[in-house]
Number of protein chains: 2
Amino acid sequence: MPSSLPTYLALSDLIAGEFADCSPGTTLPGEHDLARRFGVNRLTARAAVDELERRWLIRRVRGSGAYTVRRIEYRIGAAYPVSFTEAMARLGVETTTTAEPPERRAAGTADSHVLGVPLGAPVLVLRRTRHVQGVPAVVGQSLLAGDLLPGLEDALAAGTSLHAVMKDTYGIEPALGWSQVRMMPPPPEEARRLALRGRPPLVRMGARIVDRNSGRYVEVVDQWLRPDYFDVIVEVQ
Amino acid sequence: MPSSLPTYLALSDLIAGEFADCSPGTTLPGEHDLARRFGVNRLTARAAVDELERRWLIRRVRGSGAYTVRRIEYRIGAAYPVSFTEAMARLGVETTTTAEPPERRAAGTADSHVLGVPLGAPVLVLRRTRHVQGVPAVVGQSLLAGDLLPGLEDALAAGTSLHAVMKDTYGIEPALGWSQVRMMPPPPEEARRLALRGRPPLVRMGARIVDRNSGRYVEVVDQWLRPDYFDVIVEVQ
DNA sequence: CAGTGGTCTAGACCACGCG
DNA sequence: GCGTGGTCTAGACCACTGG
């Protein structure tokens, strides 16, 4: 015989079943409410809801409530679009991006190595935050080959996709050169930008983007995605 | 000014710093102990340790204690070994595998489709659990082309690697044909086999293994890995 | 057996959102 | 201002591990 489930897990299964077929955005009963209804302590009810949050079935908003959600399938692989914005657009998901002004610098040894440019060549660093439904869901930075993107600061108008600008303004054809995905807790800075409590593991994606025309690396990406927002699916071959 | 950290998160950072450089297996002070030492309630101390567990920095054993751990880097991609056993051996990690007796059946439509065999062809289903340091860390099943592996039941002696048997007994050269990795909560059955509390998200890996000689699919894998044990790194191209 | 982590209770105060 | 989730306290009992 399996030992019987603890109250909070039994309760979480109960609630999960209740809301399994609800459309995303459905509000769960409050924790105080659940506790009263099932005759348990609030902490027990809360533990049940914790479990649902851990499974990425719901999301909690302080002062507001808990809501059912659906993770967005984000596919990465040779067969899929390189541009995040394009991938989201294909899924009908609206995202907004806020970028800090690009930082210019001369390539150090690390920059030079990953980007394949000479030491001291101009490189740009672009820090971005991507929002889904107004909530920050991705943060990251791009290291860019400065000589391929002269005057990028001006070309990058608000709200435009970097890859769109690459194509339209610079005639660059970005393609996925190499990519790596893993899960790990983010540094405090990234956790802060995503308004996380603590530093729960995130999806970390590194990528090198090639310009099909010149054959050179244009962009080296290092970004962090919230796994409760994105079901990142990586395909090899 | 950033709002000051809650007690439990400040405490978790403190403890994390304390044990950052310790070798894996170091025992943390008990929760009751931590609570006494820092003058907080046990639940607050516990919340701090929860955060460390969430970051995969420690592992807790009921009745025993909490221990620092190091995740095992498991790399998946065209450049890496197909065999899990081989990948672990290269890292010097000892794993043991327990397999249930293979189940024989005639290929249904789904089997036939993924394995590329005719309807009704013989297929084998092999359920395995892999242990790291005595703890179940991976569960999964393989769907195998029966005609390529006649008498597999006998050839699979205890503790031998499936891929080793493929090579040595059947002259098959297994290679990665296609692979997909994502994170999601497991079905209850898989959670039970891994002795998890609740159903926290796991790494799900699907793969099709090709025989280089015949060019045919030999094996279709569907397995679940504990992300606190494995730092699964997927590389594309 | 003593000590560990796992669960649960009954309170309380707070920050925040939304109307 | 009310209800939400987030944090914290002071207790308690339990299942389990390990000496």
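Within every chain, numbering begins at 1; the chains are lettered A, B, ... in the order of the sequence lines, protein sequences first and strands thereafter. Keep in mind that what you see is a predicted model, and the values were worked out from it rather than measured. Basis for what follows: all heavy atoms, side chains included, without hydrogens, waters or symmetry-related copies.
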Phosphate oxygens OP1/OP2 of C/dT7: is one of them under 4.0 Å from a side-chain N or O of A/Thr7?
-> no
Sugar-phosphate, base or nothing in reach of B/Ala66, heavy atoms under 4.0 Å = sugar-phosphate
Presence of salt bridge, B/Asp13 and B/Arg55, under 4.0 angstrom | yes
Compare side-chain N and O positions of B/Ser64 against OP1 and OP2 of C/dG3 and report whether any pair is under 4.0 Å apart.
-> no
Residue closer to the 5' end of DNA chain D, B/Ala47 versus B/Gly63 (nearest nucleotide) | B/Ala47
Any ion pair linking A/Glu103 and A/Arg127 (charged N to carboxylate O, less than 4.0 Å)?
-> no
State yes or no: are the ring centers of A/Tyr229 and A/Tyr74 separated by less than 6.0 Å?
-> no
Report the nucleotide, chosen from C/dT9, C/dA12, C/dC8, that has the shortest atom-to-atom distance to any side-chain atom of A/Arg42.
-> C/dA12
Separation of B/Arg62 atom CZ from C/dT7 atom P, in whole Å?
-> 6 Å
Could you tell me whether B/Val49 contacts a base, only the sugar-phosphate backbone, or nothing, with contacts defined as non-hydrogen atoms closer than 4.0 Å?
-> nothing
Taken to the nearest whole Å, CZ/B/Arg36 to P/C/dG5 is 11 Å
Nearest-angstrom distance from the residue atom CZ of A/Arg46 to C1' of D/dT7 | 8 Å
Between A/Val61 and B/Glu31, the residue closer to the 5' end of DNA chain C by nearest nucleotide is B/Glu31
A/Arg37/A/Glu18 salt bridge by N-O under 4.0 Å criterion = no
Atom NE2 of A/His32 to atom P of C/dA12: distance rounded to whole Å?
-> 12 Å
Salt-bridge contact A/Glu31-A/Arg60 (side-chain N to carboxylate O under 4.0 Å) | yes
Return the value, rounded to whole Å, for the distance between atom OH of B/Tyr8 and atom C1' of D/dG5.
-> 12 Å
Protein-nucleotide distance (B/Tyr67, atom OH; C/dT4, atom C1'), rounded to Å = 8 Å
To the nearest angstrom, how far is B/Asp50 atom CG from D/dG6 atom P?
-> 15 Å
Below 4.0 angstrom from OP1 or OP2 of D/dG6, is there any side-chain N or O of A/Arg60?
-> yes
Classify the side chain of B/Arg197 versus the base of C/dG5 as yes if they form a donor-acceptor pair under 3.5 Å and no if they do not.
-> no
Using atom CG of A/Leu43 as one end and atom P of C/dC8 as the other, report the distance to the nearest whole Å.
-> 11 Å
